[in-house]
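Because the structure is predicted, anything quoted here is derived from the model rather than measured. Numbers here simply count residues along the sequence, with the first being 1.
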Amino acid sequence: MEYYNKDVIKDLDHIIKGKYFDDWFKIVKPFLLNDELQRRKLFKHHSGRLWDHITEVSYYSYLLAKIKHADEYVAAVAGLLHDFYPKAYKYTKELDELDHNYVTDVIKIQMPHKMHAFTHGKAAAINARKHFGDVIDEKIYSSIVTHMFPLTPRPPKYQEGWIVQYIDKYLSIGLINRIRYKLDRDEKK
């Protein structure tokens with residue numbers, strides 16, 4: 001099962017490569033080359049791949065940080081790692097074949113306070129520190145932990161956290177609207 005690609009630029013076709021793409025790519029390339037992060041190509045996220053979602057959140061967070069004169073590096077990295085949780089919450093055969101430990105949480109029935117939406121921010125931040133160590137400073141860590149506000153009680157502390165939280169919600173709502181539109185269209189056929 002092939003998921004790792006040294007030429008990660010080929011795995012970013014879903015991103016519109018505008019004027020600042022190269023600047024963003026210089027920041028995130030070392031992260032994108034990480035084997036553990038590349039495994040997110042096998043994780044599902046809503047109706048697509050987690051890889052596509054996190055790279056989009058990273059890119060658009062970077063662009064919004066540029067506009068808002070926030071720390072572009074923090075926004076790009078926090079956006080990329082905001083859903084870097086260690087275990088999948090949706091089953092994929094490829095992931096199960098790669099390593100069954102990734103899908104152990106899929107089968108568990110969870111109490112609402114332990115559900116993915118409420119817990120994955122902190123799990124992602126811990127996982128980011130595990131795999132990227134000192135690069136994950138307080139601003140990045142906090143931005144990852146709080147990106148699910150208001151589902152989690154603590155709001156973002158930093159402007160970059162608000163940016164990642166906003167872009168994540170904006171892209172997810174856009175995806176939900178596209179799915180709803182497609183379902184409505186299919187129903188009318």
Side-chain angles (χ1 to χ4, degrees), residues 3 8 24-25 27-46 48-65 68 70-90 92 95 98-99 101-106 108 110-173 175:
Y3 67 87
V8 289
W24 167 78
F25 189 69
I27 292 170
V28 298
K29 186 178 179 182
F31 297 92
L32 296 176
L33 290 172
N34 178 276
D35 180 74
E36 186 62 28
L37 187 64
Q38 286 207 19
R39 290 174 186 223
R40 278 22 187 206
K41 294 172 190 173
L42 305 175
F43 282 51
K44 280 188 177 183
H45 186 271
H46 300 297
R49 297 186 314 168
L50 180 59
W51 173 268
D52 297 340
H53 173 71
I54 61 177
T55 52
E56 281 186 325
V57 170
S58 174
Y59 182 60
Y60 293 114
S61 293
Y62 169 84
L63 293 177
L64 187 55
K68 294 291 187 181
D71 189 321
E72 297 156 18
Y73 178 87
V74 169
V77 173
L80 186 64
L81 301 176
H82 80 282
D83 280 347
F84 188 46
Y85 36 83
K87 299 193 182 226
Y89 73 100
K90 289 185 175 186
T92 68
L95 202 51
L98 179 70
D99 183 345
N101 290 325
Y102 283 108
V103 294
T104 55
D105 283 357
V106 172
K108 294 180 182 172
Q110 298 177 335
M111 300 302 291
H113 70 285
K114 291 184 177 181
M115 290 175 77
H116 177 77
F118 301 101
T119 61
H120 79 272
K122 187 167 186 178
I126 291 167
N127 202 37
R129 278 235 171 107
K130 175 182 172 184
H131 290 278
F132 299 107
D134 296 339
V135 174
I136 310 304
D137 65 10
E138 163 58 23
K139 268 183 148 179
I140 294 170
Y141 188 87
S142 174
S143 297
I144 295 169
V145 169
T146 60
H147 84 273
M148 285 303 290
F149 180 78
L151 292 179
T152 54
R154 228 177 338 150
K157 243 197 282 195
Y158 304 102
Q159 183 180 14
E160 296 78 10
W162 282 106
I163 288 170
V164 170
Q165 185 260 1
Y166 171 77
I167 294 294
D168 182 45
K169 302 304 169 283
Y170 179 82
L171 291 173
S172 293
I173 289 168
L175 175 67

To the nearest 0.5 Å, what is the distance between [atom1] on [X] and [atom2] on [Y]?
X: Y60; Y: W24; atom1: OH; atom2: CH2; value: 10.0 Å
X: Y59; Y: I27; atom1: OH; atom2: CD1; value: 11.5 Å
X: L81; Y: R129; atom1: CG; atom2: CZ; value: 12.0 Å
X: E56; Y: D168; atom1: CD; atom2: CG; value: 11.0 Å
X: K130; Y: I136; atom1: NZ; atom2: CD1; value: 14.0 Å

Practice item. Under the side chain to side chain contact (heavy atoms under 4.5 Å, CB included) rule, collect the residues that match up with F149, sequence neighbours excluded. Key: T152, P155, P156, W162, Q165
Practice item. With sequence neighbours left out, write down each residue that passes side chain to side chain contact (heavy atoms under 4.5 Å, CB included) with D134, or none if nothing qualifies. Key: none
Practice item. Mark yes when over 12 heavy atoms from residues, nucleotides or ligands other than K169 sit less than 6.0 Å from its NZ; otherwise mark no. Key: yes
Point to revise | Y158 side chain near T146 side chain, heavy-atom distance below 4.5 Å | key: no
Check your understanding: Going by heavy atoms in the side chains, are W51 and L32 under 4.5 Å from each other?
Key -> yes
How far apart are the closest heavy atoms of [X] and [Y], and which atoms are they?
X: I163; Y: S61; answer: CG2-O, 3.6 Å
X: L64; Y: Y166; answer: CD2-CD2, 3.9 Å
X: F43; Y: K87; answer: CE2-C, 3.7 Å

Practice item. Check whether any side-chain N or O of S58 sits under 3.5 Å from a backbone N or O of I54 as a donor-acceptor pair, and report yes or no. Key: no
Point to revise | Main-chain N/O of F84 paired to N127 side chain as donor or acceptor, under 3.5 Å | key: yes
Using a 3.5 Å cut-off and no angle test, enumerate the donor-acceptor pairs between side-chain atoms of residues 70-80 and protein atoms at least two apart in sequence or in another chain.
residue: D71; atom: OD1; partner: Y73; partner atom: N; Å: 3.0
residue: D71; atom: OD1; partner: V74; partner atom: N; Å: 3.1

Practice item. Just jot down the side-chain hydrogen bond (donor to acceptor under 3.5 Å, both in side chains) partners of Q159, sequence neighbours excluded, or say none. Key: none
Check your understanding: Taking only residues two or more places apart in sequence or in another chain, which ones pass salt bridge (charged side-chain N to carboxylate O under 4.0 Å, His left out) with D52?
Key -> R49
Practice item. Not counting sequence neighbours, which residues clear salt bridge (charged side-chain N to carboxylate O under 4.0 Å, His left out) with K157? List them please. Key: E138
Point to revise | Matching residue for Y3 among K41, R40, R39 - test: side-chain hydrogen bond (donor to acceptor under 3.5 Å, both in side chains) | key: R39
**Study point:** Identified side-chain contact (heavy atoms from CB on, under 4.5 Å) counterpart of F31 within the set V135, V8, T55
**Key:** V135
Review point. Mind checking whether H82 and H147 have parallel, tilted or perpendicular rings, split at 30° and 60°?
Key: perpendicular
